[in-house]
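Since we're looking at a predicted model, the values are computed, not measured. A note on names: the letters A, B, ... follow the listed sequences, proteins ahead of strands, and every chain is numbered from 1.
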Number of protein chains: 2
Amino acid sequence: MSQHKVISLETIRVACRNCSLSSLCLPMGLAPDDVERLDEIVKRTRPLHRGDFLFRDGDRFRSLYVVKTGSVKTFAPSPEGGEQVLGFHLPGEVIGLDAIDKDIHACSAKVLETSAICEVPFTRLEELTATIPSLQHQMYRLLSKEIGHDTDMLLLLGKKNAEERLAAFLLSLSKRLHKRGLSATDFYLSMSRHEIGNYLGLAVETVSRLFTRFQDDGLMNVDRKHIQLLDLATLESLVGGAGQNRRQQQQS
Amino acid sequence: MSQHKVISLETIRVACRNCSLSSLCLPMGLAPDDVERLDEIVKRTRPLHRGDFLFRDGDRFRSLYVVKTGSVKTFAPSPEGGEQVLGFHLPGEVIGLDAIDKDIHACSAKVLETSAICEVPFTRLEELTATIPSLQHQMYRLLSKEIGHDTDMLLLLGKKNAEERLAAFLLSLSKRLHKRGLSATDFYLSMSRHEIGNYLGLAVETVSRLFTRFQDDGLMNVDRKHIQLLDLATLESLVGGAGQNRRQQQQS
DNA sequence: ACCGCCGCTTGATCTGGATCAAGCGAAGAT
DNA sequence: ATCTTCGCTTGATCCAGATCAAGCGGCGGT
């Protein structure tokens with residue numbers, strides 16, 4: 001806790017137009033002076049550290065958050081006092097979209113590692129989107145994309161077995177990191193096995209056993225948090241559920 | 001198939017301002033002449049019948065659809081040739097929001113019973129929202145609400161057992177029908193046991209057994225598609241997972 | 001450098017719900 | 001009216017993954 005260094009503001013103060021995420025983030029396809037206007041409403045906070053909250057469930061909704069570097073998990077309380085991990089958020093990804101409706105956050109967002117986060121006050125963003133059609137369109141797409149992603153998760157939790165879930169999880173991380181310009185095959189997990197299991201609807205032990213199995217099968221190397229994917233093609237085929245002999249899925 | 005009656009257009013041609021769904025649908029809180037403008041872009045189609053598609057996965061995205069009466073299911077193909085039921089849509093609910101991002105439908109929407117559906121061409125709606133701030137806000141809320149709903153489903157599929165899932169499903173139907181002005185305790189299921197099971201990540205047999213059990217326990221009456229909920233309070237408590245003796249949920 | 005905690009792994013056992021297997025009966029077809 | 005199909009129910013069995021149990025070892029703290 002005593003290690004909070006004072007970071008020079010110059011390091012943080014990076015305008016949207018120079019942001020390496022610009023193609024992933026909101027401003028995609030905006031005219032230069034529209035980017036400027038967006039840039040003006042974005043707050044750049046000092047780096048957050050592992051365990052810090054962006055918001056907690058029950059908090060009033062004020063802003064969207066964009067991960068610039070690092071990672072964040074979101075999770076919702078379940079009635080019994082446990083929690084459901086809803087997602088892991090990597091650079092370029094937006095957090096808080098689910099709270100627009102009720103104006104109250106229904107989940108919490110916790111920083112998994114030292115991270116830089118942009119804060120975008122939603123009311124101001126809304127004013128902006130009303131005058132910049134292409135930004136409005138981006139917002140609709142952003143919200144829609146989130147729905148599509150949730151849909152994928154529903155299919156995963158509803159129809160896939162443990163092996164397929166973990167393979168899908170690893171490939172999802174891989175693709176998202178790659179899109180961000182990082183290695184698709186060599187990365188560190190910022191979340192615990194427990195959190196992965198919670199997210200995928202599996203017990204910690206199952207996650208651990210599958211890591212071991214995937215490694216034994218030559219699909220990947222696992223060393224603590226350090227992951228190396230060795231055979232993306234086979235992992236991809238595992239996700240498809242063509243595990244070899246799978247009963248014809250039920251047609252409803 | 002030979003029973004397609006010609007329905008008089010007057011029956012269908014009901015303007016938004018007179019629509020009984022107006023408080024649930026898009027126009028909430030709009031000025032009268034804004035409702036008028038919205039009304040002008042909404043297409044009202046002839047009634048659709050069981051088995052008709054609003055769209056299929058792979059179709060180009062053009063419109064959102066609002067259920068006026070009846071019900072619709074949406075479902076996505078899974079890699080193995082099966083499918084995942086993504087939702088059942090009742091009057092006042094909007095379909096197609098997930099396709100805005102990619103401009104292609106990733107799921108199909110199939111009518112479960114004779115239904116009246118409004119079609120809202122999205123491009124025109126987008127033009128409208130750009131000039132009516134409160135409508136824009138409604139759109140954001142609508143999209144956000146959908147994300148929130150998906151989040152609930154993730155918790156259900158990730159953490160709840162069969163009993164909790166079915167209880168949650170029944171109560172969800174009950175509340176949504178009630179909001180629409182229909183009975184919260186007496187209704188007909190327009191979907192099959194198979195579809196319910198698929199939606200909830202359960203086998204048909206499990207759904208059937210649970211219906212029997214709930215009935216034996218005096219929580220509800222089940223006669224084919226006809227459902228009567230007798231003890232909402234107990235059903236509610238089942239959802240909470242307080243089944244009685246439940247291990248303390250994992251804290252990630 | 002040492003200690004203690006906690007996250008992870010691995011093995012053994014248990015179980016909720018899936019799968020397999022038989023009817024049953026209602027709704028639609030002829 | 002009868003047939004046929006298909007959706008549903010109910011019983012028996014099976015199994016993937018949860019739970020229980022027991023270390024191991026890295027990492028943070030002092």
Specify the separation, in whole Å, of atom [atom1] of [X] and atom [atom2] of [N].
| X | N | atom1 | atom2 | answer |
| --- | --- | --- | --- | --- |
| B/Arg50 | C/dA27 | CZ | C1' | 12 Å |
| A/Leu166 | D/dA16 | CG | P | 17 Å |
| A/Leu202 | D/dT19 | CG | P | 11 Å |
| A/Asp223 | D/dG25 | CG | P | 13 Å |
| B/Leu189 | D/dC8 | CG | P | 9 Å |
| B/Lys159 | D/dT19 | NZ | P | 10 Å |
| B/Asn198 | C/dA18 | CG | P | 12 Å |
| B/Glu164 | C/dG16 | CD | P | 13 Å |

Query raised in the report: So A/Ser78 and A/Gln84, side-chain hydrogen bond (donor to acceptor under 3.5 Å, both in side chains) or not? Walk me through it.
Result: CA-CA 7 Å; A/Ser78 84; A/Gln84 166 74 39; over 6 Å; no
I'd like to know if the side chain of [X] pairs up with that of [Y] as donor and acceptor (distance under 3.5 Å, no hydrogens or angles considered).
| X | Y | value |
| --- | --- | --- |
| B/Ser71 | B/His89 | no |
| A/Ser108 | A/Asp57 | yes |
| A/Asp231 | A/Thr234 | yes |

I'd like a list of close polar pairs between nucleotides 11-15 of chain D and the protein, N/O only, cut-off under 3.5 Å.
unit_1 : atom_1 : unit_2   : atom_2 : d
D/dG11 : N7     : B/Arg209 : NH1    : 2.8
D/dG11 : O6     : B/Arg209 : NH2    : 3.4
D/dA12 : N6     : B/Arg209 : NH2    : 3.4

**Report entry** Check ion pair A/Lys73-A/Glu113 (N to O, under 4.0 angstrom)
**Finding:**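 Salt bridge between A/Lys73 and A/Glu113, a charged N being under 4.0 Å from a carboxylate O: no.
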**Report entry** Salt-bridge criterion met for A/Lys110 and A/Glu195 (N-O under 4.0 Å)
**Finding:**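 A/Glu195 and A/Lys110: not salt-bridged.
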Query raised in the report: So does A/Thr206 get a side-chain nitrogen or oxygen closer than 4.0 Å to the phosphate oxygens (OP1/OP2) of D/dA16?
Result: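 Answer is no, no contact under 4.0 Å.
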**Report entry** Pairs flagged by salt bridge (Lys or Arg N to Asp or Glu O under 4.0 Å) wherever residues 212-221 of chain B is involved - sequence neighbours left out
**Finding:**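 Counting only pairs at least two positions apart or across chains, the salt bridge (Lys or Arg N to Asp or Glu O under 4.0 Å) contacts touching residues 212-221 of chain B are B/Glu163-B/Arg213.
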Write down the protein N/O and nucleotide N/O pairs, taken from nucleotides 6-8 of chain C, whose separation is under 3.5 Å; answer none if there are no such pairs.
unit_1 : atom_1 : unit_2   : atom_2 : d
C/dC8  : OP1    : A/Arg193 : N      : 3.3
C/dC8  : OP1    : A/Lys225 : NZ     : 3.3
C/dC8  : OP2    : A/Arg193 : N      : 3.0

Requested in this report: Take the C1' atoms of the five end pairs on each side of the helix from C/dA1-D/dT30 to C/dT30-D/dA1, derive the two axes, and give their angle rounded to 10 degrees.
Outcome: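 One end's axis against the other's: 60°.
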Requested in this report: Taking the side chain as every heavy atom from C-beta outward, state whether A/Leu219 and A/Leu232 have any pair of such atoms under 4.5 Å apart.
Outcome: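 Contact flag for A/Leu219/A/Leu232 side chains = no.
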Query raised in the report: For the residue pair B/Phe55 and B/His105, does the interplanar ring angle fall in the parallel (under 30°), tilted (30 to 60°) or perpendicular (over 60°) class?
Result: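 Taking B/His105 first and then B/Phe55, their aromatic rings lie parallel (interplane angle under 30°).
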Query - Results of ring-ring contact (aromatic ring centres under 6.0 Å, His included) for B/Tyr188 - residues two or more places apart only - result: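 B/His226.
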Query raised in the report: Taking only residues two or more places apart in sequence or in another chain, which ones pass salt bridge (Lys or Arg N to Asp or Glu O under 4.0 Å) with A/Lys225?
Result: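 Scan of A/Lys225 (salt bridge (Lys or Arg N to Asp or Glu O under 4.0 Å), adjacent residues dropped) gives none.
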